[in-house]
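Quick notes on the structure that follows.
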Amino acid sequence: MDRIVLRRRGDVVEAWRCTGDATAAEVTRLPSDELPGWVRERERTPVRWVWDDTTRWYPALLDAGVRVERCTDLRLTHAVLRRSPFVDQWPLAGEDTPGWDDLQPVTTAEHALFPLADPADRLDPVAEHDRQQAALAASAERGRLALLLAAESSGALVAAEMTHAGLPWRADVHERLLTDALGPRPPAGVRPPVLERLAGEVRAALGAPGLNPDSAVELLRALQAAGLPVDDTRQWTLEQVDHAVVAPLLEYKKLARLLSAHGWSWLETWVRDGRFRSAFLPGGVVTGRWSAQGGGALSVPVAVRPAAVADDGWQLVVADVAQLEPRVLAGMSGDAAMAEAARSADLYQGMVAGGAVATRAEAKLGMLGAMYGGTRGESGRMLPRLARRYPRAIELVEEAARAGERGAVVSTLLGRGSPLPTGAWAQRGADLGEPPDDDGPREDRDRARRAWGRFTRNFVVQGTGAEWALCWLADLRNRLWRLGGGTPAQRPHLVFFLHDEVVVHTPEHLAADVTREVRAAAVTAGRLLFGGFPVDFPLDVAVVRSWADAG
DNA sequence: ATACAAGGCGCC
DNA sequence: AAAGGGCGCCTTGTAT
């Protein structure tokens, strides 16, 4: 397959076509505004586009109605290769390396207008691509790394397409929801009526007439002055207390949160033309999970999901994986007993059936503790029993924790490496002498060490889970495209992704096909990561008008 | 005026 | 006494 490296030089785009012989590249130069038409033409035959960063190229193509099938996103692949313990770093070394290390995605809406001095323009994607290919070829784990790089790049395309499409959002539904909960929209700087009434009830219950319940400091003082035994003002803490202030205060906090995080100003800022618009950023988290920028797209609360409604004649297909991370752990550790439990639609129930624990609640608590590092209480007490029944799975996370405590790097199944610890406890020779003055006493160092162990313990599972999800997304994207449906605007398309959940916006008549493809893509992802090892990834799939009606 | 930390809470 | 991982983002409160 042809690879075409795109390089921007002023108003001109250079397209370097590589046919496998690195010395015989054929270069085409064309004005930027002719690029979309040229790309569309080239897409008639299989081609992989190689560019510095998808966020710098793809939005303009999508605006012009041009979709590409595959790409290599050098920014993302560089980041993976630079940190992978399976990659020798010397083939990646070049003058440009710090520039690639520091390259940031572009997330402004004005993607057509590049900043005057985009640091990307000083980088040479042709040279970087050669370096990356050399580094990959020299790796003993080139197979799994190649899969990771392909999945990461494919994720970049999905993210750009989702960002372009936006999540269908009914501002009128959202506004009605706000008015029902808070009362009519007040002028700026004034509390909505319902909040003002609740604030009054809180002040009366505490005998604190001037209290601003939005101030945690003031509120804590007032609660303590009224004799409540609390050291913070968290919801969980307040629920433990029996006092007349608790009910109105919890209600106030809930509604104040709705107002500030997803109220009228959120609507004005993030919803335009019936779409919630925010930027999805693949690789935004060290573990490989995505992050999002704008509007808190990765934490859309259940309370406002009724406003996510499919267009007329369309449906939302909402799919999520049940217990992704324990299933991933079963697969990556090759733990046959845990895989057996994972053959059930409910993995935790499968663990009960397998005789490891007595109740589903114990199974869940124990697994969360094993994956997050919980040692306290019931979660910690479950661990020995889990370790007896699922020795390979538990040993994998325990070893990841020990490695982290040593200051070592751990990696995901496909080879994404964890960052090096930065604390003074982890510096070379830290064990040998007295603790440095700036690193506190021994207990502090041990605490930091254990905290890093919990991070690396979770890294291997969360990161491999993110890899499964990337493979799922990538395959689903291809499957959705093959369903057809006419112009890009008439086809089923991904509109949302959150770690283990996707939402597809589809014309009604294709909803059943989309459901089938979402499930098939999950099977593909499992095979890609774990080959023939029998671990299932069952999905909950719902075809709904509104996101709130799923699950 | 602006920047940042803390407290808090939403999502997985 | 501390206590499960990863995020984004809001307001308040303080520092510069």
Side-chain angles (χ1 to χ4, degrees), chain A residues 107 189 191 195 211-221 230-239 249-250 252-263 265-266 269-270 278-305 320-326 328-329 364-380 382-383 397 400-401 404 410 412 418-419 443-444 446-448 450-466 468-469 496-502 547 551:
Chain A
T107 56
R191 278 200 183 86
L195 272 184
L211 173 69
N212 170 16
D214 293 324
S215 164
V217 176
E218 272 185 53
L219 182 58
L220 181 59
R221 259 198 297 269
V230 294
D231 293 313
D232 59 61
T233 68
R234 288 180 208 141
Q235 180 184 315
W236 188 89
T237 305
L238 295 169
E239 281 168 359
L249 181 52
L250 290 178
Y252 179 91
K253 279 172 157 282
K254 190 180 87 183
L255 294 179
R257 167 83 191 177
L258 173 66
L259 172 68
S260 71
H262 291 94
S265 65
W266 181 90
T269 309
W270 301 112
S278 72
F280 289 89
L281 300 175
V285 179
V286 284
T287 59
R289 278 187 173 180
W290 291 17
S291 63
Q293 199 175 79
L298 268 42
S299 54
V300 178
V302 172
V304 298
R305 291 187 189 184
D320 71 288
V321 197
Q323 305 122 8
L324 173 61
E325 289 181 355
V328 159
L329 175 58
K364 182 172 181 175
L365 210 63
M367 281 310 293
L368 291 181
M371 293 185 300
Y372 290 156
T375 51
R376 177 184 63 119
E378 203 177 346
S379 168
M382 287 297 124
L383 197 61
V397 287
V410 298
T412 61
S418 65
E443 311 86 75
D444 289 354
D446 290 348
R447 193 157 42 241
R450 285 194 300 272
W452 194 258
R454 287 192 298 276
F455 167 66
T456 52
R457 171 195 292 269
N458 186 250
F459 181 95
V460 296
V461 180
Q462 186 184 121
T464 306
W468 183 91
F496 192 80
F497 166 60
L498 179 55
H499 309 323
D500 60 0
E501 175 177 8
V502 295
W547 192 7

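These values consider heavy atoms only, across backbone and side chains, with no hydrogens, waters or symmetry-generated copies. All chains are named by letter (A, B, ...) in the order of the sequence lines, taking the proteins before the strands, and each is independently numbered beginning at 1.
- Between A/Asp320 atom CG and B/dC11 atom P the separation is 14 Å, expressed in whole Å.
- Counting all heavy atoms, side chain and backbone alike, A/Leu324 lies closest to A/His499 at CD2-O, 4.0 Å.
- Contact annotation for A/Thr233: backbone-only contact, meaning every heavy-atom pair under 4.0 Å involves sugar-phosphate atoms and none involves a base.
- Residue A/Val461 is classed as having no contact, given no heavy-atom separation below 4.0 Å to the nucleic acid.
- C/dG4 atom C1' lies 15 Å from atom CH2 of A/Trp236, rounded to whole Å.
- A straight line from CZ of A/Phe455 to C1' of C/dG5 spans 9 Å, rounded to a whole angstrom.
- Applying the 3.5 Å distance criterion, the base of B/dC9 shares no donor-acceptor pair with the side chain of A/Arg234.
- The distance from atom CG of A/Leu365 to atom C1' of C/dA3 is 13 Å, rounded to the nearest whole Å.
- The phosphate of B/dC9 (OP1 or OP2) has a side-chain N or O of A/Lys253 nearer than 4.0 angstrom.
- Here A/Glu325 lies out of heavy-atom contact (under 4.0 Å) with every strand.
- Looking at A/Lys253 and A/Leu219, their side chains come closer than 4.5 Å, going by heavy atoms from C-beta outward.
- Taking atom CD of residue A/Gln235 and atom C1' of nucleotide B/dC9, one finds them 8 Å apart after rounding to whole Å.
- One P atom belongs to C/dA2, the other to B/dG7, and the distance between them is 14 Å to the nearest Å.
- Residue A/Leu368 is classed as a base contact, given a heavy-atom separation below 4.0 Å to a base.
- Looking at heavy-atom distances under 4.0 Å, A/Asp232 makes contact with sugar-phosphate atoms alone, never a base.
- In this structure, CD of A/Glu501 is placed 22 Å from P of C/dG6, rounded to the nearest angstrom.
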Q: Kindly indicate, with the supporting measurements, whether the criterion side chain to side chain contact (heavy atoms under 4.5 Å, CB included) is fulfilled by A/Asp231 and A/Thr237.
A: CA-CA 8 Å; A/Asp231 293 313; A/Thr237 305; over 6 Å; no

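- Pair assignment for C/dG8: B/dC9, on the basis of Watson-Crick or G-U wobble contacts that are both within less than 3.5 Å.
- Taking atom CZ on A/Phe459 and atom C1' on C/dG5, their separation rounds to 12 Å, with Å as the unit.
- Per the stacking criterion (ring centres < 5.5 Å, plane angle < 30°), A/Tyr372 does not stack onto the base of C/dG4.
- Applying the 4.0 Å criterion to OP1 and OP2 of C/dG5, one finds that A/Arg454 has a side-chain N or O inside that range.
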Q: If a protein heavy atom is under 4.0 Å from the base, mark B; if only from the sugar-phosphate, S; if neither, -; do that for nucleotides 7-16 of chain C going 5' to 3'.
A: SBSS-SS---

(Q) Assess the residue pair A/Leu298 and A/Arg289 against the criterion (side chain to side chain contact (heavy atoms under 4.5 Å, CB included)); give the C-alpha distance rounded to whole Å, side-chain angles, the decisive distance to 0.1 Å, and a yes or no. (A) CA-CA 11 Å; A/Leu298 268 42; A/Arg289 278 187 173 180; over 6 Å; no

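- Using a 4.0 Å heavy-atom criterion, one finds that A/Arg447 contacts the sugar-phosphate atoms exclusively.
- Under the 4.5 Å side-chain criterion, counting only non-hydrogen atoms from C-beta, A/Val304 is not in contact with A/Trp266.
- As the counterpart of C/dA2, no nucleotide is assigned, since no Watson-Crick or G-U wobble pattern has both distances under 3.5 Å.
- Rounded to an integer number of Å, the gap from CE of A/Met382 to C1' of C/dG4 is 16 Å.
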Q: Apply side chain to side chain contact (heavy atoms under 4.5 Å, CB included) to A/Asp214 and A/Tyr252, showing your working.
A: CA-CA 9 Å; A/Asp214 293 324; A/Tyr252 179 91; 3.0 Å; yes

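- Here A/Arg450 lies out of heavy-atom contact (under 4.0 Å) with every strand.
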